[in-house]
> 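Below: one structure in structure tokens.
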Amino acid sequence: MPNLRIFGLVAGGVLLLMTMQSSAQERQITHGSAQNHELDNNDNFSPDDRFLVFDTRSGPDLSQARVIAKVEIATGEITQLYTPEHPNAFGPGVLAASYAPDRDEVIFIHGPLQPTGAEDQYEKHRRIGGIVSGDGDGTIRFADARDTQAPYTPGALRGGTHRHEFSGDGKWVGFTYNDAVVRAHGLKTGKHLDLRTIGVTKLGHPVQVPASPQFLSHGEGYSVLVVVVTPDPKPGSDEISHAAADSWVGQNGYRRDDGGQQLARAFIGTTRDKNGEPLDELYIVDIPEDVTKPGPLGPLEGTDTSFPMPPAGAVQRRLTHTAGAKFPGCEGIARSSHDGSQISFRMRDAQGDWQIFLISPTGGEPQQATFVKGGVDTDARWHPSGKFIAFVAGDKVLVADVKPGADFGKSHVLSDGDTAAYALVWSHDGETLAYNRSVATDGKNVTQIFAVDFNQSAP
């Protein structure tokens, strides 16, 4: 079917749309009905852009996800990278894979190694970051160490990590987190303390923990939580009860006002407005280079009744204040341009449609970057050049121009299809955009990987 080029402009508060033909043609990379091929909104391209890594989950029971694999884009050949040795009805569950940016390694969620029942089953507070080689040798290592028995170990965690993301230099891993110890305390006291928050692992600083049949006795890096959550945020304050949808800011952080470079993660935090109603806002947390020094709020390893606390130098800031807007709130995954100068997120426009907005990591007013009639359906993925963002509206994959100038905010359809695209990811060279679509295959819907070429110099 023909693709349409859509330009969205705002003139006098009225949304204007113009259309032109777009010639890009998507191609299907994976085929067959034996397994799904889930990209899961991660960094799926290998460093040389030859391969895409994926998982094979099927259905809502993530404990039954069995395989991490990669597909060669040029040939469609699939190589299995990892499968658990003794899977059973309780897990372990392996999924949500990302490639390292600088080496042939893949990180993904891994449930307990030897699940034997409900107490050892894959859960959000019982999982860890598994690392395997991209050559398929299958040897498993863990990014983060896990220790749920007092006295707890500084540099280790007491819960489950998720959405593992390598930093631009490959030296750090960011993740979302649920704490098993505080959760158990909440169950005993009748309080809801199963709160999601955010942490980081600094690789190359191994941490030893007591032996466990479910997890290895060490982690590849030193792990800390960097965001503070509380079950009952004060109405109208910057306190949050939930932190997620996080990503690294820039390939190497962002430029502070004083000219220094700052490592950071952007995320969506759930506040309470003045009436006590939940309100999602955009946040950022600055991360110190040395994460081994405890901060003023408590020990890095936590206590029996409190979360692990951020290291000294971790600073959590709110970037948006939408409570007074006609349509308050933010959503989606916060993502940054490669140079760290802009963070993209979703917010509603004057018509109430979800659009992509941009904001500086140092603060300021958000700038609307998409003007698509009816709004957008996914978050932005930044082109490596920082000049374009890709997103989805309906069944169409679009690219918007976000470089300063007369074309800012203009969008064109890069590809179209019969089902909605999702889990977009750019290649490192910016010449290919990959994504998932559900395809009717042998009488059932199967998640397949597609790709489309992108020429940033094309009109």
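The structure displayed is predicted, hence computed values, not measured ones.
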> I'd like to know if the side chain of E281 and the backbone of R318 have a donor-acceptor N/O pair within less than 3.5 Å.
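No; zero donor-acceptor contacts below 3.5 Å.
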> Any side-chain to backbone donor/acceptor pair from D377 onto G394? Under 3.5 Å, distance only.
yes
> Anything under 30° is parallel, anything over 60° is perpendicular, the rest tilted; go ahead and classify F454 against W426.
perpendicular
> Keeping the roles fixed (side chain from D258, backbone from G260), state whether a donor-acceptor pair exists under 3.5 Å.
yes
> May I ask you to test the D179-P308 pair for a side-chain heavy-atom distance under 4.5 Å?
yes
> For a 4.5 angstrom cut-off between non-hydrogen side-chain atoms, does T153 reach E301?
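With C-beta onward as the side chain, the pair stays apart.
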> Nearest 0.5 Å, what's the OH-CG distance between Y122 and L95?
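Y122 OH to L95 CG: 4.5 Å, rounded to 0.5 Å.
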> Nearest heavy-atom pair of S438 and N445: which atoms, and what distance?
OG-CB, 3.4 Å
> Run the salt-bridge test on R57 and D40 with the 4.0 Å N-O cut-off and return the result as yes or no.
yes
> Any carboxylate oxygen within less than 4.0 angstrom of a Lys/Arg side-chain nitrogen, looking at D401 and K410?
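The answer is no: the pair does not qualify as a salt bridge.
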> Donor-acceptor check, side chain of Q251 to backbone of D339, threshold 3.5 angstrom: yes or no?
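Not confirmed, Q251 side chain does not pair with D339 backbone.
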> Could you go step by step and tell me if Y222 and L300 meet the side chain to side chain contact (heavy atoms under 4.5 Å, CB included) rule?
CA-CA 11 Å; Y222 195 99; L300 297 174; 3.6 Å; yes
> What distance separates D349 CG from Q355 CD, expressed to the nearest 0.5 Å?
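D349 atom CG to Q355 atom CD measures 4.5 Å (nearest 0.5 Å).
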> Flag the pair F388 / H383 as yes when their ring centroid distance falls below 6.0 Å, and as no otherwise.
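Yes: the rings meet the under 6.0 Å criterion.
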> Is the number of heavy atoms from other residues, nucleotides or ligands under 6.0 Å of Q208 CD greater than 12?
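Atom CD in Q208 is packed in, count exceeds 12.
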> Do the non-hydrogen side-chain atoms of L187 and H185 ever get within less than 4.5 Å of each other?
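L187 vs H185: side chains apart.
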> Show the numbers, then the answer: is there a side chain to side chain donor-acceptor pair (under 3.5 Å) between H37 and Q448?
CA-CA 5 Å; H37 310 87; Q448 305 288 8; 3.0 Å; yes
> Is E289 salt-bridged to K202, cutoff N-O under 4.0 Å?
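Salt bridge flag = yes for K202 with E289.
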> Judged by modelled atom types alone, do S58 and Q64 share a side-chain donor-acceptor pair under 3.5 Å?
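Short answer, no.
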> Where the side chain of T370 meets the backbone of V372, is there a donor-acceptor pair that is under 3.5 Å apart?
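No, the answer is negative, given that no donor and acceptor are paired below the 3.5 Å cut-off.
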> If you measure only the distance, is there a donor-acceptor pair under 3.5 Å linking the side chains of N36 and T56?
no
> Begin from the C-alpha positions of L297 and F307 and carry the test side chain to side chain contact (heavy atoms under 4.5 Å, CB included) through to its verdict.
CA-CA 10 Å; L297 300 179; F307 282 89; over 6 Å; no
> To the closest 0.5 Å, what do you measure between CG (L319) and CZ (F267)?
9.0 Å
> Rounded at 0.5 Å granularity, tell me how far OG in S337 sits from NZ in K403.
14.5 Å
> For the residue pair T176 and R163, what are the closest heavy atoms and their distance?
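Smallest heavy-atom distance, with atoms named: OG1-CB, 4.3 Å.
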> How about E38 and T447: does a side-chain donor come under 3.5 Å of a side-chain acceptor?
yes
> Indicate yes or no for a side-chain donor-acceptor contact from S247 to the backbone of R335 under 3.5 Å, with no hydrogens or angles considered.
no
> Other residues, nucleotides and ligands only: do more than 12 of their heavy atoms fall within 6.0 Å of CD on Q261?
yes
> Salt bridge check: are K124 and D194 linked by an N-O gap of less than 4.0 Å?
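Yes, K124 and D194 are salt-bridged.
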> How close do A423 and N436 get, counting heavy atoms only, and between which atoms?
CB-OD1, 3.8 Å
> Would the distance check show the side chain of R146 and the main-chain N or O of G159 forming a donor-acceptor pair, the cut-off being under 3.5 Å?
yes
> Going from CG on N178 to CG on L193, what distance comes out if it is rounded to the nearest 0.5 angstrom?
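Going from CG on N178 over to CG on L193, the span is 12.0 Å.
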> Does I128 offer a backbone N or O that forms a donor-acceptor pair with the side chain of D144 under 3.5 Å?
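Flag not set: sc D144 to bb I128 has no pair under 3.5 Å.
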> To check you understand the geometry: which heavy-atom pair defines the closest contact between T270 and P278, and what is its length?
CG2-CB, 4.0 Å
> Can you see which heavy atom on C330 is nearest to which on T322, and at what distance?
SG-CG2, 4.2 Å
> Just by modelled atom types, is the S241 backbone N or O under 3.5 Å from a matching donor or acceptor in the R272 side chain?
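Such a contact is absent between R272 side chain and S241 backbone.
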> Mind listing the closest non-hydrogen atom pair of P213 and Q114 along with its distance?
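Looking at all heavy atoms of both residues, the shortest contact is O-NE2, 3.3 Å.
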> Ignoring hydrogens and geometry beyond distance, is a side-chain donor-acceptor pair present between Y435 and N44 at under 3.5 Å?
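Their side chains do not contain a donor-acceptor pair, so the 3.5 Å distance test is not met.
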> Answer with yes or no whether the side chains of Y152 and D304 bring together a donor and an acceptor at under 3.5 Å.
yes
> Go through the steps for R317 and D286 under the test salt bridge (charged side-chain N to carboxylate O under 4.0 Å, His left out), then give the verdict.
CA-CA 8 Å; R317 291 182 286 116; D286 294 343; 3.6 Å; yes
> Test your reading of the model: is there a side-chain donor-acceptor pair from S98 to the backbone of E165, 3.5 Å cut-off?
no
> Would R381 and D379 pass as an ion pair if we require N to O under 4.0 Å?
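No.
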> Is there a side chain to side chain contact (heavy atoms under 4.5 Å, CB included) between I131 and E105 once you walk through the steps?
CA-CA 7 Å; I131 299 177; E105 287 186 348; 3.8 Å; yes
> Atom OH of Y283 and atom OG1 of T320: how far apart are they, to the nearest 0.5 Å?
8.0 Å
> The test is side chain to side chain contact (heavy atoms under 4.5 Å, CB included); show your working for Y177 and V227 and say whether it passes.
CA-CA 10 Å; Y177 175 82; V227 171; over 6 Å; no
